[in-house]
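These notes concern the structure reproduced below.
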There are 2 protein chains.
Amino acid sequence: MAVTLRDVAQRAGVSIKTVSNVVHERQYVKDSTREVVQAAIDELGYRPNLSARSLRSGRSGVIGLALPEVRLPYFAELADSVITEAKERGHTVLIEQTGAEVSSERELLRSPRLQLTDGLIFSPLALSQADVGLLDVDYPLVLLGERIFDGPCDHVVMDNVAAARAATAHLIDTGCRRIAVIGAHRDEDQGSAALRLRGYQQALQAAGLPLDEELVAYVGLWHRHDGAEAMRELLASGVEVDGVFGMNDTLALGAMRALQDAGLGIPGDVRVIGFDDLEETRYTAPTLSSVDPGRMEIAQTAVQVLLERIEERLSGTERAPRRQHTTSYRVVSRESSA
Amino acid sequence: MAVTLRDVAQRAGVSIKTVSNVVHERQYVKDSTREVVQAAIDELGYRPNLSARSLRSGRSGVIGLALPEVRLPYFAELADSVITEAKERGHTVLIEQTGAEVSSERELLRSPRLQLTDGLIFSPLALSQADVGLLDVDYPLVLLGERIFDGPCDHVVMDNVAAARAATAHLIDTGCRRIAVIGAHRDEDQGSAALRLRGYQQALQAAGLPLDEELVAYVGLWHRHDGAEAMRELLASGVEVDGVFGMNDTLALGAMRALQDAGLGIPGDVRVIGFDDLEETRYTAPTLSSVDPGRMEIAQTAVQVLLERIEERLSGTERAPRRQHTTSYRVVSRESSA
DNA sequence: GTGAAAGCGCTAACAA
DNA sequence: TTGTTAGCGCTTTCAC
């Protein structure tokens with residue numbers, strides 16, 4: 001059925017080893033031999049069996065990417081960046097969706113589904129510091145985001161507190177005094193929600209503005225629907241608002257929608273800023289100010305670090321200590337806060 | 001290093017075959033034996049080596065999904081659906097991005113990167129009928145979309161012509177007489193763009209409206225940017241417009257943005273409908289009417305058909321003839337065409 | 001420069 | 001009901 005190295009060797013009248021050498025473009029092969037072998041490969045349409053190669057060599061060329069849901073724009077863009085970067089480095093990406101449930105995130109780490117993967121890039125949404133022990137797995141793992149610190153693996157993060165502080169400060173600079181924040185999670189102190197809330201609070205304090213709990217909107221998920229819902233409740237509560245910081249763009253877009261439904265002008269009556277710098281923020285009406293989290297940098301760093309770990313593991317090199325890699329962010333001002 | 005079947009067998013004091021039987025939850029294993037083996041598995045933390053299993057059994061449990069770019073919302077949602085459906089059926093998904101270039105789509109089909117995949121779901125954007133020969137590959141392949149017909153593989157399509165006709169008819173029903181269409185491609189007669197254009201034309205003819213070439217906007221890609229750009233040009237040309245059919249939601253959203261920038265009201269001055277029914281159409285201002293292409297049905301059908309083919313191939317069963325599977329669509333009316 | 005052969009971990013046919 | 005064993009296709013020492 002499938003053409004194997006042996007078939008090629010037979011056809012070319014050489015040993016299996018020589019064919020392997022040609023396939024891997026190794027030196028120490030006479031040019032004439034190489035040509036004969038290459039001809040046999042082409043004629044027979046030989047394609048290496050990656051399962052066999054993987055079994056033998058211990059590496060499959062596939063890396064796993066675990067995230068809540070690819071349909072969420074932020075993760076779709078992150079996946080794109082990771083896939084692109086991995087391809088650049090000769091690897092393919094297998095995607096696992098965890099749906100943001102703690103249980104599936106925990107299971108994922110021990111899942112046999114990842115077995116033919118050389119390593120994993122994991123962006124948890126629900127796991128907490130208490131789960132840090134689960135991260136001590138026997139395969140290369142790079143963690144994304146700030147839900148867990150001081151884990152036994154490499155970690156790529158953006159400074160959420162500073163970025164949220166900058167976003168909030170941006171609204172303050174443009175004159176806002178009653179800034180609502182949408183996307184807080186109750187009883188959380190490590191996740192993005194908690195960190196961005198902290199940044200928001202720090203900015204208010206730095207500006208000498210009061211922290212008004214009425215301006216903090218708690219939500220379940222960070223979907224558009226939740227942002228719209230939260231904004232509606234905020235408006236219904238009668239609390240005065242002249243600025244909105246959405247913990248991500250999707251929430252902010254939902255909030256914009258609710259504000260517009262209520263007949264409020266953006267940025268006239270209320271200024272809005274989001275977080276993530278999704279492509280669509282450039283095309284909404286009005287265009288949405290946001291924080292660019294440096295997605296490309298995150299993806300590149302994560303893939304690079306992961307591949308280094310994979311290499312290290314295979315070559316038995318002394319393991320470098322696990323590191324935390326911090327990437328940069330940038331506030332992007334658009335119409336919604338002009 | 002890694003725990004193998006042999007290690008478990010030794011620890012449990014049974015043969016490797018028995019352990020395998022337990023792992024595969026096969027019958028004919030005494031309960032007491034099963035318990036002992038399970039205990040050993042848990043203690044040692046045994047996880048099957050999928051590369052070995054794959055080499056031996058000829059199936060990896062991984063299916064490939066090739067699409068232009070996951071960051072495009074339609075494909076992000078499609079990927080989500082495919083991954084979810086595949087997981088449901090015990091498979092994982094490896095994603096390949098082709099970037100909508102003919103060359104990479106052609107290469108993809110012969111790529112060794114797909115070698116440890118059991119089969120492929122392929123959504124081409126650039127391949128044309130002329131490439132039909134390339135689809136005659138030696139692995140299970142399911143094609144999505146209508147760029148190629150009568151190929152040597154299964155095919156899941158939605159009736160683009162009928163759906164576009166329905167979308168256009170919807171605008172006509174609400175009173176539009178000068179309907180622009182955005183997203184046409186020059187020199188194409190098989191792709192979604194050509195089919196949707198045909199549906200648009202059929203609807204106009206059926207209503208006795210003239211086909212005005214000035215109302216057809218040609219674009220390169222179907223991104224938001226292209227929609228905005230095309231709409232701007234349309235408006236600048238001075239042609240009269242009271243309705244817009246965007247060949248996908250992204251184009252329609254870009255067009256909406258341009259219309260709003262020009263001070264036109266939606267649906268007051270111009271009614272708009274898109275295509276794809278992206279989640280965000282429910283949250284834009286105004287909400288966008290669209291055509292629901294039955295993404296879930298497409299994904300389910302594609303995965304099911306592919307897994308059947310994989311099964312067939314492995315069991316050496318008589319191959320059922322290649323089939324075309326047509327899924328259903330639905331016009332969803334929202335504010336932009338109310 | 002090239003060949004022979006061992007074995008990666010697992011599955012499944014065949015034995016017991 | 002459980003054990004033995006032959007490879008799946010490849011990589012990789014170690015000879016020649």
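Proteins come first, then strands; the chains are lettered A, B, ... in the order of their sequence lines, and each starts at number 1.
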Answer yes or no: is there a donor N or O on one side and an acceptor on the other, between the side chain of Arg47(A) and the main chain of Ser111(B), under 3.5 Å?
-> yes
Does Glu77(B) reach the main-chain N or O of Glu279(B) with its side chain, forming a donor-acceptor pair under 3.5 Å?
-> yes
Sequence-distant partners of Thr301(B), side chain to side chain contact (heavy atoms under 4.5 Å, CB included), two or more places apart = Val156(B), Glu297(B), Val305(B), His325(B), Thr327(B)
Distance below 4.0 Å between Thr33(B) side-chain N/O and dT1(D) OP1 or OP2 | no
Value in whole Å for how far the P atom of dG9(D) lies from CG of Leu44(A) = 14 Å
Has the side chain of Thr98(B) got a donor or acceptor atom that lies under 3.5 Å from a matching backbone atom of Glu105(B)?
-> no
How long is the line joining CD of Glu25(A) and P of dT11(D), in whole Å?
-> 13 Å
Distance, rounded to the nearest Å, where Arg59(A) contributes CZ and dT11(D) contributes P = 12 Å
Any chance you could list the contact pattern along nucleotides 7-12 of chain C? Use B for base contacts, S for sugar-phosphate-only contacts and - for none, protein heavy atoms under 4.0 Å, 5' to 3'.
-> BBBBBB
Expected output: side-chain Asn49(B) to main-chain Ala52(B) donor-acceptor under 3.5 Å | yes
Test item: Glu85(A) side-chain N/O and Ala299(A) main-chain N/O as donor-acceptor pair under 3.5 Å = no
Establish, with yes or no, whether the OP1 or OP2 oxygen of dG3(D) is under 4.0 angstrom from a side-chain nitrogen or oxygen of Thr18(B).
-> yes
